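As the structure is a computational prediction, the values presented were derived from the model and not from experiment.
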Amino acid sequence: MSSFDTQTPATDRLRIGDCVVVLSSREVHAPNTHKVHRITPKSVGVLLVLARRAGQVVTRDELFAEVWPDTLPTNDVLTQAVTQLRKVFAGGDEATPYIETIAKTGYRLLVPVAWEQQPQVTELQDLEEPASAMAPVPTASVSTRSTQRRLRRYVLWAIGVGLLLSTVLMAWLLWHNAAATDAIDGVVANTASGSRVLGSPQRPYRLITSTAAYETQPNLSTDGSLVVFAREDATRSSLWIQSTGNATASRLLPAPEGVSDRFPVWSPNGRQIAFARFHPDGACEVLLVSATGGNPRRATRCDGTDMLSFDWSNDGRRLLFGSMTGRYASAGIRLLELDSGRWSSIAYAKGVDDFDYAPRYSPDGRQIGFVRNPQVGDMWVMDADGRNARRLTNDAAEIRGWTWLVAGEMVFGRRVDSESRLYHLDVGSGVLRDMGLGDAQSPAASRHGGNLAFTRDQPQVALFKVPLGSADVAPQRLFASSARDGQPMIAPDGKQLAFTSDRSGAFAVWWGRVGQPDTLQMIEGLRPEARQPMTWSADSRSLLVSGRDSEGVPGIYEVVPEEGHWKRLPVPVNEPLQAIYGPQADRLWVIERDDAQRMQLSLFDRTQTPWKRVATLEGASQVRFDVTGNRLLFTRLASGGLWQVAPDLAAASIKPVQAEVPSRWRYRSWAVAANGAVEYLHIGNTCTSQLSSIDGDGASQCLDDQRFSSGNGFSLSPSGDAAYVAFVVADGGDIGVMRIPARPPRRLIGVAKWLPWLGKMLS
């Protein structure tokens, strides 16, 4: 059967393009992956309706009538069903679009559809009958074939019983030797034994630094025996080197007063270290120094750059740079020949607003991995010549460092709720797993030697009300705890404060009245996102919060915090990241990432069902509304700086406000005062937490000269006399080192393949 029959045949296997859908189990099998996806019943219903009219446009109303009869569903449930179908079909071939969105109408299935026939096998002898079966056959031949068939059955039964017995024996041996699986580097983890407690389990890593300073950006020598890292003090950074044991660290090289050395990277032959040096006047240079110290030599300048990234080529003759800004700006990934100083760009697919960060060659030199837009981005990989660039993750996450393990395997840090965690990624299959390492970021693996280094950071973050314009009044700590509080958003009435915190053990939204700690309460059942701040309504009654549901699907939630109530808004986009109220209750602005992974700001009319998209502005990453100036202020992922646009998003009204700040990485660390002035919270030359006006009189105030502020957002009081800021009150960034976990053995089939292992276990 080559065409789709509306009457379901006996088989329940439906071929959609290159994928096969088993309707009875709701499983989707894609050709290029071993992973089987299971879709929801409603997604199956949507798929069947689209399949019956493959190639034709099916309206949203028709889909609602077929799949959700006698109900009043929101537009969001249909969008989620289509999104799930797209994701599972993309596992087969991301270059082949399966479902097309017809703007303001519905959807269309673009690939061929057919019921897949299952071969019907009856008796074994049916498959062995010759074409001349009707001819007379000698009795002796029939008896011989019958004996052979019985013999084959006995052999198959014997093999099956043998496999069963070997499996049972193997399971018993694994259970009997379970303690051995707890061994790390030959040390068995302590566990409870009978009535005795032996101690807490061994962690899979050890910390090799424990100073009061903040140690970060580790990089391992080729053999994994030495680690170089940056040690951050209040306003500067220096490079240190030590063995991966617990020996004392020594400074790599002296540096002129006031400069900061960062981002050390060991050369493949272990003889040199490349690093970046930042000067107080804004000058920047990438230097090379011997691994034993000495005088560095310049490789290139990088003045005014933001989010600098580079790594060595596998032959050690070139440096591979990510996108650069500043005086020597360049879009995309390129190479610097160290002998000649000549630059060459790599031609590959990228968008105008894409910022490609931290490129690294795979250990075999065949691929280049990189992070696209690390603030709200994903892991990518391409061939070394730039062909076949493809996205590996789809989380719009805040990526915090990554490394190759071996060709085809990566480890990267990602911010999750209030912490950063390490994840292992299989490049071929796209399978992602949590490595069980919390408060960890900036991983680095040795090229040989099997070691992995990373930064372990366990900060305590507290909320403060800091007076502005008066150095005589001390900051006031709010809602004290030993947890990580962040994103303090003061209401327009100046009396209520909403923030995110893990103080209950789970990351959540909290609310309370300023100066009344007994009013503090958690918003139950809502899991917020840490990457975008909340927004209050003009009447101080409700909040807009970006978050995720129990299945990890992003959404926008409207919260009435004093009552503890919330609801998910039917925002008609696949991946909403931020939403803010407009001057009119029926209008809402939303930052989203569309199907092509582009960031954009959209204006929606909430009075229509589904919501009507009124206007769109490409490239925005964060937005605020200035009531006084009746303007929208926004940042972009593609570059630092601040822009403004009219509330209707008219293209002619777009104007630059500040060319350089906020920086690309601190794109959330700014706020609008009641008088329309924009305040930017950043690290100054002599002040750890500096608040500067970037579109007003240029006034600046040091909020704290010792403690760092969170870059996830702060707010200003309506009267303009105070800032609500999250300060790091206790921090301890240290370098951790561990053995790279052994790759699980491939599953072996057959008794013969298990015999050597069984013999070793029994000996």
When you measure from the side chain of [X] to the backbone of [Y], do you find a donor-acceptor pair of N or O atoms at a distance under 3.5 Å?
{"X": "W402", "Y": "A358", "result": "yes"}
{"X": "D704", "Y": "S689", "result": "no"}
{"X": "Q622", "Y": "Q532", "result": "no"}
{"X": "R631", "Y": "Q644", "result": "no"}
{"X": "T500", "Y": "E529", "result": "no"}
{"X": "Q487", "Y": "A530", "result": "yes"}
{"X": "T305", "Y": "C302", "result": "no"}
{"X": "S669", "Y": "L681", "result": "yes"}

Say you draw a straight line from [atom1] of [X] to [atom2] of [Y]; how long is it, rounded to the nearest 0.5 Å?
{"X": "S602", "Y": "Q600", "atom1": "OG", "atom2": "CD", "result": "4.5 Å"}
{"X": "L463", "Y": "D485", "atom1": "CG", "atom2": "CG", "result": "4.5 Å"}
{"X": "Q496", "Y": "L543", "atom1": "CD", "atom2": "CG", "result": "8.0 Å"}
{"X": "R636", "Y": "R664", "atom1": "CZ", "atom2": "CZ", "result": "12.0 Å"}
{"X": "W536", "Y": "D493", "atom1": "CH2", "atom2": "CG", "result": "7.0 Å"}
{"X": "Y680", "Y": "L691", "atom1": "OH", "atom2": "CG", "result": "11.0 Å"}

Trace of the side chain to side chain contact (heavy atoms under 4.5 Å, CB included) decision for V509 with W566: CA-CA 11 Å; V509 175; W566 56 268; over 6 Å; no
Single hit among D378, D353, D356 for salt bridge (Lys or Arg N to Asp or Glu O under 4.0 Å) with R372: D356
Which atoms form the tightest heavy-atom contact between [X] and [Y], and what is the distance?
{"X": "R334", "Y": "S345", "result": "CB-CA, 3.8 Å"}
{"X": "L468", "Y": "L703", "result": "CD2-CD2, 4.0 Å"}
{"X": "L336", "Y": "A299", "result": "CD2-O, 3.7 Å"}
{"X": "P475", "Y": "P467", "result": "CA-CD, 4.0 Å"}
{"X": "L716", "Y": "I490", "result": "O-CG2, 3.3 Å"}
{"X": "R624", "Y": "I580", "result": "C-CD1, 4.0 Å"}

Would you indicate whether [X], at its atom [atom1], is surrounded by more than 12 heavy atoms from other residues, nucleotides or ligands within a distance under 6.0 Å?
{"X": "E285", "atom1": "CD", "result": "yes"}
{"X": "R387", "atom1": "CZ", "result": "no"}
{"X": "R415", "atom1": "CZ", "result": "yes"}

Does [X] reach the side chain of [Y], with side-chain heavy atoms less than 4.5 Å apart?
{"X": "Q578", "Y": "S546", "result": "no"}
{"X": "W611", "Y": "L588", "result": "yes"}
{"X": "Q375", "Y": "T635", "result": "no"}
{"X": "D502", "Y": "E419", "result": "no"}
{"X": "M382", "Y": "F370", "result": "yes"}
{"X": "L308", "Y": "V286", "result": "yes"}
{"X": "S237", "Y": "Y214", "result": "no"}
{"X": "W589", "Y": "L649", "result": "yes"}

R707 to F464 six-membered ring, cation-pi geometry met (6.0 Å, 45°): yes
Ignoring hydrogens and angles, state whether a donor on the side chain of [X] or [Y] is under 3.5 Å from an acceptor on the partner side chain.
{"X": "R60", "Y": "Y107", "result": "yes"}
{"X": "S537", "Y": "D539", "result": "yes"}
{"X": "D395", "Y": "T393", "result": "no"}
{"X": "R86", "Y": "T101", "result": "yes"}

Audit row: E562, R541, side chain to side chain contact (heavy atoms under 4.5 Å, CB included) steps and yes/no: CA-CA 8 Å; E562 190 165 12; R541 185 175 183 275; over 6 Å; no
Of Y328, W343, Y357, the residue whose pairing with F321 passes ring-ring contact (aromatic ring centres under 6.0 Å, His included): W343
Can [X] and [Y] be counted as an ion pair, charged N to O under 4.0 angstrom?
{"X": "D303", "Y": "R327", "value": "yes"}
{"X": "R606", "Y": "D586", "value": "no"}
{"X": "R262", "Y": "E232", "value": "yes"}

Geometric class of the F278/F263 ring pair [parallel <30°, tilted 30-60°, perpendicular >60°]: perpendicular
Residues T325, F355; criterion side chain to side chain contact (heavy atoms under 4.5 Å, CB included); working and verdict: CA-CA 10 Å; T325 59; F355 187 88; 4.1 Å; yes
Side chain to side chain contact (heavy atoms under 4.5 Å, CB included) evaluation trace for T535 with F625: CA-CA 10 Å; T535 305; F625 181 60; over 6 Å; no
